Amino acid sequence: RTLQGKLFKRSTFKKDVPNMSERRIDHCAVTTSDGRIFVMGGYRKDMFVSRDNNPSGSGWEVLSTMEYYDPKTNEWRYRTPLSTFRMLFAAVATPDDKIYVFGGAAGMSTIPTPPILDTVEVYDPQTDTWSSKKPMPVTRKSHDAVLGADGKIYIMGGTETVNGPPLNDVFVYDPSNDSWEKGPSMKYPRASPAAVATPDGKIYVTGGTDVGAYKYKKKLNFFLPETKELYTGKVQDTVEVLDLFNLG
């Protein structure tokens, strides 16, 4: 196959990289300046199969563990765990190799209360320690975070509760003084978006879903003809851009 005139083999992934120490989903991974890849949090779900080969139930386990892969030694090693069990969170590595972790869910049960987090913690690879930072202004899961060219961390979208609607909020964290401010809202509510920051000061937010953000419109559609139905959300193919150096 070709991409922009370049020829690629059918598979270009290395096959000699060892498996992680733990199975994970809805976790985060970041890389530091020395090339190490830190993987943390998430959850695993085991199916219990009966003797007649029928699934009989499942067990959730939200994780706090962290491990890193060193390409130089081709090995995985455990580091100090997060102080909180987290899945569906966001993580960002800064130029000084600190790893910041934002929000997430400690589980998906709504009993007794929705365990959605507003907590922030930072990991220092030099000392292998975690420390707490100022909490987010709101609880948040299924969001994304990027480090902007201005040195600040931008938190986008997600939901506030287990079954809450997607949101278009943007919150800005400044690592230099451990402070938060409200950023410009996105045009679309988005849960589970993917975002990247570019060196020219732009942040591109792609995809996600806004299904569930228009629940009252869904009820109204019951009384409307199909040709007049109101928009109720979709899995997004939209892209929007925040220009950090031209906010005014």
Side-chain angles (χ1 to χ4, degrees), residues 26-42 66-71 79-80 82-84 86-104 117-158 167-188 190-208 239-248:
D26 289 335
H27 52 294
C28 280
V30 299
T31 185
T32 49
S33 61
D34 59 4
R36 289 186 295 173
I37 300 168
F38 289 80
V39 179
M40 68 213 79
M66 180 171 69
E67 53 188 306
Y68 74 84
Y69 172 70
D70 189 340
R79 296 284 87 182
T80 298
L82 294 139
S83 62
T84 306
R86 297 177 192 263
M87 57 185 282
L88 297 167
F89 60 101
V92 171
T94 51
D96 59 358
D97 284 339
K98 301 292 196 308
I99 299 173
Y100 289 80
V101 173
F102 302 92
L117 306 171
D118 62 359
T119 53
V120 178
E121 51 186 313
V122 59
Y123 176 74
D124 185 345
Q126 296 296 321
T127 59
D128 188 29
T129 57
W130 290 92
S131 58
S132 296
K133 294 297 180 179
K134 188 175 182 179
M136 301 172 65
V138 294
T139 57
R140 197 54 46 107
K141 75 170 181 65
S142 301
H143 50 295
D144 202 7
V146 296
L147 177 68
D150 57 358
K152 298 179 181 179
I153 298 172
Y154 290 75
I155 314 292
M156 293 151 289
L167 302 167
N168 65 348
D169 295 335
V170 175
F171 293 95
V172 186
Y173 176 73
D174 190 342
S176 66
N177 57 21
D178 190 27
S179 66
W180 286 95
E181 62 180 315
K182 187 76 164 59
S185 296
M186 297 183 294
K187 293 181 179 180
Y188 293 95
R190 299 176 189 264
S192 301
V196 294
T198 54
D200 60 353
K202 294 182 174 62
I203 295 175
Y204 291 77
V205 186
T206 64
V239 179
E240 49 188 301
V241 185
L242 175 64
D243 190 338
L244 304 182
F245 300 143
N246 290 282
L247 294 179

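This one's a predicted model, so the numbers in the text were calculated from it and none came from an experiment.
- Proximity of Asn168 to Lys187: side-chain heavy atoms (C-beta onward) are nowhere separated by under 4.5 Å.
- Taking the side chain as every heavy atom from C-beta outward, Leu244 and Tyr154 approach each other to under 4.5 Å.
- Using modelled atom types, one side-chain atom of Thr206 and one backbone atom of Ala194 make a donor-acceptor pair closer than 3.5 Å.
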### Query
Yes or no on side chain to side chain contact (heavy atoms under 4.5 Å, CB included) for Leu82 and Glu121, after CA distance, side-chain angles and deciding distance?
CA-CA 8 Å; Leu82 294 139; Glu121 51 186 313; 3.8 Å; yes
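- For Arg79 (side chain) and Tyr68 (main-chain N/O), no donor-acceptor pair under 3.5 Å exists by modelled atom type.
- By the 4.5 Å heavy-atom criterion applied to side chains, Pro175 and Ile153 are counted as neighbours.
- Shortest non-hydrogen contact noted between Ala93 and Leu147 is O-CD2, 4.0 Å.
- Applying the side-chain hydrogen bond (donor to acceptor under 3.5 Å, both in side chains) criterion to Lys133, with sequence neighbours excluded, gives no partner residue.
- The two atoms that bring Ala90 and Ala145 nearest to each other are CB-CB, 3.7 Å, heavy atoms only.
- Across every non-hydrogen atom of Ala149 and Pro199, the tightest pair is CB-O, 3.8 Å.
- Applying the side chain to side chain contact (heavy atoms under 4.5 Å, CB included) test between Lys182 and each of Val170, Asp169, Val172 identifies Asp169 as the sole match.
- Proximity of Met66 to Phe38: side-chain heavy atoms (C-beta onward) are separated by under 4.5 Å at one or more points.
- The two residues His143 and Arg140 have their closest heavy-atom pair at CE1-O, 3.3 Å.
- With sequence neighbours excluded, the residues satisfying side-chain hydrogen bond (donor to acceptor under 3.5 Å, both in side chains) with Arg36 are Asp34.
- Take Asp243 and apply the side chain to side chain contact (heavy atoms under 4.5 Å, CB included) test, not counting sequence neighbours, and it matches Lys202, Phe245, Asn246.
- The side-chain hydrogen bond (donor to acceptor under 3.5 Å, both in side chains) test applied to Ser131 returns no partner, not counting sequence neighbours.
- Salt bridge annotation for Asp96-Lys98: present, with a cationic side-chain nitrogen under 4.0 angstrom from a carboxylate oxygen.
- Side-chain contact between Ser179 and Tyr173: absent, with no pair of heavy atoms (C-beta onward) separated by less than 4.5 Å.
- Considering only residues two or more places apart in sequence or on other chains, Val205 meets the side chain to side chain contact (heavy atoms under 4.5 Å, CB included) condition with Met156, Met186, Arg190, Pro193, Ala195, Ile203, Glu240.
- Closest of all the heavy-atom pairs between Met136 and Ile155 is CE-CG2, 3.8 Å.
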#### Entry: Stepwise side chain to side chain contact (heavy atoms under 4.5 Å, CB included) test for Met87 and Lys141
CA-CA 8 Å; Met87 57 185 282; Lys141 75 170 181 65; over 6 Å; no
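- Put simply, the side chain of Glu67 never gets that close to the backbone of Met40: no donor and acceptor are under 3.5 Å apart.
- For the side-chain hydrogen bond (donor to acceptor under 3.5 Å, both in side chains) test, no residue two or more places apart in sequence or in another chain qualifies with Thr31.
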### Task
Given side chain to side chain contact (heavy atoms under 4.5 Å, CB included), test Asp118 with Phe102 step by step and report yes or no.
CA-CA 7 Å; Asp118 62 359; Phe102 302 92; over 6 Å; no
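- Atom-to-atom distance recorded for Ile37:CD1 and Asp70:CG is 9.5 Å, nearest 0.5 angstrom.
- To the nearest 0.5 Å, atom CG of residue Leu88 and atom CG of residue Asp26 are 4.0 Å apart.
- The structure places SG of Cys28 at 8.0 Å from CG of Asp144, a figure rounded to the nearest 0.5 Å.
- Without hydrogens or angle criteria, Trp180 side chain to Pro135 main chain gives a donor-acceptor distance under 3.5 Å.
- Put simply, CZ on Phe89 and OG1 on Thr119 are 10.5 Å apart, with the number rounded to the nearest 0.5 Å.
- Inter-residue side-chain proximity for Val101 and Tyr123 is flagged as unmet; no heavy-atom pair is nearer than 4.5 Å.
- In this structure, the side chains of Trp130 and Val122 stay at 4.5 Å or more apart for every pair of heavy atoms.
- The minimum heavy-atom distance between Pro137 and Phe171, with the atom names listed, is CG-CD2, 3.6 Å.
- Screening Thr129, Thr127, Asp128 against Thr80 for a side-chain hydrogen bond (donor to acceptor under 3.5 Å, both in side chains) leaves a single residue, Asp128.
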